[in-house]
Participant: 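Sending over a structure as structure tokens; questions will come in a sec.
Here is the naming used below: chain letters follow the sequence lines, and residue numbers restart at 1 for every chain.
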Amino acid sequence: MISVTLPDGSVNEYASGITAGEIVIDIEGRKHDCVAALVDGEQKDFSAPLDSDCSVEGISVFTDEGIYILRHSAAHLLAQAVTSIYPNAKPTIGPAIDRGFYYDFADLEDFGESELKAVQKKMHEFSRRNLAVERVECSESELNELFSSNPYKIEIINDKLEAGEGSTIYRQGEWYDLCLGPHVHSTAKLMHVRLTSVSSAFWRGDQSREQLTRIYGIVEPNKDTLKATMSAIEEAKKRDHRKLGKDLQLFHVDEDVGQGLILWTPRGAIIRSCLQDFISEHLTRQGYHQVYTPHIGKLDLYRKSGHFPYYQDSQYPPLVEKDMMARLANEGCSCGELSNMMAEGDIEGYMLKPMNCPHHIKIYSSQARSYRDLPLRLAEFGTVYRWEQSGEISGLTRVRGFTQDDAHLFVTEDQIANEVLGCIELVQVIFEALGMNDYRVRVGLRDPDSTKYVGDSGKWDLAEEACRAAASSLGVNWSEEPGEAAFYGPKIDFVVKDVIGREWQLGTVQVDYNLPERFELQYKGSDGEMHRPVMIHRAPFGSMERFCGVLIEHFAGRFPTWLAPTQVHVLTISEKQVEYGQEITSKLKAAGIRADLDDGDDTIGKKIRMHRKFQPAYMLILGDDETDNNTVSIRARNGDQRAGVPYDAFIDELLEEINSKRATPTLVPPKEE
RNA sequence: GCCACCAUGGCUUAGCGGUAUAGCACCUCAUUGGUAAUGAGGAGGUCGCGAGUUCAAUUCUCGCUGGUGGCUCCA
């Protein structure tokens, strides 16, 4: 007999050799929702036999651990289905991920979305057959034998296992895979599975290795959760900023202009400029100076900053004077030679700026500086250009030309902590005003074992401590990430998720010892000696493009009144109200409110339908009642109404709402009942 | 950059080896209508671009451009 401690703390006696699954049934009953067991804190299959005293509890499929086991098992089922249809395909790896699972296959060429259906059908078939999933211990030689036709598995065996060490496989029906488990005990648990997409991946994430075919899928415990997940995916697609950007006419990307180059259309430009105004107010309050610098600079400048030629691949090619180009061409200079000569500094040219810092540095050094000038905070909405890989460009979130809400702070060493804190506060103010609470903070620290960092370690300790202190003052989740610092200093990054779960780095605050060194920046200290300032780079939004993209999805296009491209749409019921409508609209505009008038001859139902797509904060409906009494009828986005409001009262309330930058429109109180 | 898929009037979309649907938007006329589509008529496309195959290509092939999903990258 063995003594087993149950989750409620009680201890039961069982016959030695009982399986973990049998105990889970004993605890949870036959109708439990568990996929595996936790034995002494370790995940085990239901089939695991127990022969000594231990604690046991079930792992519910509705926990993070449980759903991961389900997904992992679904990945196995996928590989079983694929290999049964395509016997030549070689499974490589197939893990569970946050949103489902995938499996990578070698030798599965020409496999596209249209092939998914047959595979999914096969998975359902295997699931319906209720195949037992068995764990089998194997010796090294058995493993080599079993996977002899799959070099990828052999590579894993050779890499992960010590010589002479065995491992386990999981078998379901005829099929088996190298795996540590645990897994669900039967394929029947995997009925609610859907394959979602096909893409490619490199073996072990290495671009120089084989290209594999990756199949993605989702799996859910039951029909209802599957349905919920599928509709959540649909909902997310509706919020996609690329779709909303088109529907709401916020921005346009034109292939004749170029990939990843954003054309801000009038409605989107309003959002951007409101945000910029908002930031500018804070800049003034915090003692920043706004500056303007050009979009290009000499190659030499970027040689000095270290951007060229080191980051050449992610920059637009340099601009070279045309007479020089002609001369070189006449001399038979090849592109490769040209590139070398530019790298060596034999040819001067200009570059689209990939960062604003060199320009700001030149503003710093345009005058002799003393400690009394510090901290000197230079801010600019500076547009930079980077040659992102073509496959990576997407909507507003990954582009080739973007405007950073950039600033560089030139500070003394003992000002670092305070100034970093000031930067963080700005980020927080902005995120709070926009109701963006779902972000995480990464503090990038240096890797203690690496020597790639500039600056002495005492300074680094202070700067890292300043970053830590600043991050913890935020009151949100933050993590230290050793090795994630830039080579020139520690940093704090703000990361948010978009609707399809992709994470985007937005704001960043970085301490930099490197550039002041490279540019030999100086200031005269109170001691009369020359000292080197430290720079802080910071961009609370990151880039206007990316931030607006995330913001569109955050609000699902329903912007707060202060940001809405049009705040009020005035709709007349019949032509009797045209004059009144025009009067109201011009009064709104005179008050600085963004208003739009529709005095056409559509019915009011039609007008509401048409104007809804632009998501104004409010629509005003004007009929005889309103005209006769100098009032307006307010319609909120959700259809709620508030009739008989005197229009000057409406304007006052609206202005109050705009000026307070409320995150949600509140002029129409929700209906009672 | 790599793999797969995709590209038809402003938007959504049908279709096919013989120059093309429909809805919405737009314009005109009628209608003067109270909170998610009033009716009728009209205009608008060399089917992303460039080659090739063919008597004939929007439809087949190749290249390019752009997009989507991923991978890789991201100072």
Participant: Nearest 0.5 Å please: distance from the CZ atom of Phe555(A) over to the OG1 atom of Thr664(A).
Facilitator: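 These two atoms lie 8.5 Å from each other.
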Participant: Let me know the distance between CD1 of Ile233(A) and C1' of G69(B), rounded to the nearest Å.
Facilitator: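 In whole Å, G69(B) C1' lies 13 Å from Ile233(A) CD1.
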Participant: Under the side chain to side chain donor-acceptor pair (under 3.5 Å) rule, collect the residues that match up with Thr293(A), sequence neighbours excluded.
Facilitator: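 For Thr293(A), the residues satisfying side chain to side chain donor-acceptor pair (under 3.5 Å) (neighbours in sequence not counted) are Lys353(A), Glu380(A).
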Participant: For a quick check of understanding: with a heavy-atom distance under 4.0 Å over all strands, which category does Asp624(A) fall into, base, sugar-phosphate or nothing?
Facilitator: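 Counting heavy atoms under 4.0 Å across all strands, the contact made by Asp624(A) includes a base.
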Participant: Is the closest side-chain heavy-atom distance between Tyr302(A) and Pro318(A) below 4.5 Å?
Facilitator: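 Tyr302(A) does not reach Pro318(A) side chain to side chain.
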Participant: Counting the atoms with a prime plus P, OP1 and OP2 as sugar-phosphate, which does Met619(A) contact under 4.0 Å by heavy atoms, base, sugar-phosphate, or nothing?
Facilitator: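 No contact at all - Met619(A) keeps every heavy atom at 4.0 Å or more from the nucleic acid.
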Participant: Which residues in residues 599-608 of chain A have a heavy atom closer than 4.0 Å to any atom of RNA chain B?
Facilitator: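 Hits under 4.0 Å, by residue number: Asp601(A), Thr603(A), Gly605(A), Lys606(A), Ile608(A).
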Participant: Below 4.5 Å, heavy atoms only, C-beta onward: do Tyr103(A) and Leu212(A) meet side chain to side chain?
Facilitator: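 They are not in contact (no side-chain heavy atoms under 4.5 Å apart), so the answer is no.
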Participant: Choose from A75(B), G34(B), G33(B) the nucleotide whose nearest atom is closest to any side-chain atom of Ser574(A).
Facilitator: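 The answer is G33(B), which lies nearest to the side chain.
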Participant: Are Tyr86(A) and Glu115(A) side-chain neighbours, meaning at least one heavy-atom pair lies under 4.5 Å?
Facilitator: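 Yes, their side chains come closer than 4.5 Å.
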Participant: Only stems of 3 or more consecutive Watson-Crick or G-U pairs count here, both distances under 3.5 Å; name the ones for RNA chain B, or none.
Facilitator: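 Looking at RNA chain B, the stems formed by three or more consecutive pairs are B:1-7 with B:65-71, B:10-12 with B:22-24, B:26-30 with B:38-42, B:48-52 with B:60-64.
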Participant: What's the spacing between Arg546(A) CZ and Thr397(A) OG1 if we round to 0.5 Å?
Facilitator: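 Nearest 0.5 Å value for the CZ-OG1 distance: 6.5 Å.
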Participant: Given A75(B), C73(B), A25(B), identify the nucleotide with an atom nearest to the side chain of Gln389(A).
Facilitator: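 Ranking A75(B), C73(B), A25(B) by closest atom to the Gln389(A) side chain puts C73(B) first.
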Participant: From the set A75(B), G70(B), U35(B), return the single nucleotide nearest to any side-chain atom of Arg635(A).
Facilitator: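 Side chain of Arg635(A) sits closest to U35(B).
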Participant: Does Arg398(A) make a side-chain donor-acceptor contact with the base of C73(B), cut-off 3.5 Å?
Facilitator: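 Such a pair is found, so the answer is yes.
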Participant: Is there a donor N/O on one and an acceptor N/O on the other, under 3.5 Å, for the side chain of Glu575(A) and the base of G33(B)?
Facilitator: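 In this structure, the two groups form no donor-acceptor pair.
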Participant: With the sugar-phosphate defined as primed atoms, P, OP1 and OP2, and the base as all remaining atoms, what B/S/- string results for nucleotides 2-9 of chain B, 5' to 3', for protein heavy atoms under 4.0 Å?
Facilitator: BBS-----
Participant: Evaluate the side-chain proximity of Arg194(A) to Met230(A): yes if any heavy-atom separation is below 4.5 Å, no if none is.
Facilitator: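 SC-SC contact between Met230(A) and Arg194(A) confirmed.
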Participant: What nucleotide among G67(B), A36(B), G34(B) has an atom nearest to a side-chain atom of Gln259(A)?
Facilitator: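 Selected nucleotide: G67(B).
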Participant: May I ask you to say what Tyr102(A) touches in the nucleic acid, namely base, sugar-phosphate or nothing, with a heavy-atom cut-off under 4.0 Å?
Facilitator: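 Here Tyr102(A) touches no strand at all.
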Participant: Heavy atoms, side chains only, cut-off 4.5 Å: are Leu78(A) and Phe105(A) in contact?
Facilitator: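 Counting from C-beta outward, Leu78(A) and Phe105(A) do come under 4.5 Å.
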Participant: Can you tell me how far P of G67(B) sits from CD1 of Ile393(A), to the nearest Å?
Facilitator: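 It is 7 Å, rounded to the nearest whole Å.
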Participant: Below 3.5 Å, can you tabulate the donor-acceptor pairs from side chains in residues 482-494 of chain A to any protein atom, sequence neighbours excluded?
Facilitator:
unit_1	atom_1	unit_2	atom_2	d
Tyr488(A)	OH	Gln510(A)	OE1	2.4
Lys491(A)	NZ	Asp493(A)	OD2	3.4
Asp493(A)	OD1	Gln505(A)	NE2	3.3
Asp493(A)	OD1	Thr508(A)	OG1	2.7
Asp493(A)	OD2	Arg442(A)	NH2	3.4

Participant: Name the closest nucleotide to the Arg612(A) side chain, picking from A36(B), C71(B), U32(B).
Facilitator: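 The closest nucleotide is A36(B).
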Participant: Can you sort out the partners of Ser200(A) under side chain to side chain donor-acceptor pair (under 3.5 Å), two or more places apart, ordered by chain and number?
Facilitator: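 Side chain to side chain donor-acceptor pair (under 3.5 Å) check on Ser200(A) returns Gln211(A).
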Participant: Check every strand shown and say whether Gln315(A) touches a base, only sugar-phosphate, or nothing at a heavy-atom separation below 4.0 Å.
Facilitator: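 Base, at least one base heavy atom under 4.0 Å.
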Participant: How is Gly205(A) classified with respect to the nucleic acid when contacts are heavy atoms under 4.0 Å: base, sugar-phosphate, or nothing?
Facilitator: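 The answer is sugar-phosphate, as Gly205(A) gets under 4.0 Å only of primed atoms, P, OP1 or OP2.
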Participant: Which is true for Glu626(A) with a 4.0 Å heavy-atom rule: it touches a base, it touches only sugar-phosphate, or it touches nothing?
Facilitator: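 Base, at least one base heavy atom under 4.0 Å.
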Participant: Regarding Arg71(A) and the six-membered ring of Tyr68(A), is the cationic atom NZ or CZ under 6.0 Å from the ring centre and inside 45° of its axis?
Facilitator: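 Satisfied, under 6.0 Å and within 45°.
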Participant: Classify the nucleic acid contact of Asp625(A) as base, sugar-phosphate or nothing, counting any heavy atom under 4.0 Å across all strands shown.
Facilitator: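 Result for Asp625(A) = base.
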Participant: Any heavy-atom pair between the side chains of His359(A) and Ile363(A) that's under 4.5 Å?
Facilitator: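 Result no, sub-4.5 Å side-chain heavy-atom pair not found.
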Participant: Could you tell me the separation between the CZ atom of Arg400(A) and the C1' atom of G1(B), rounded to a whole number of Å?
Facilitator: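 Between C1' of G1(B) and CZ of Arg400(A): 10 Å.
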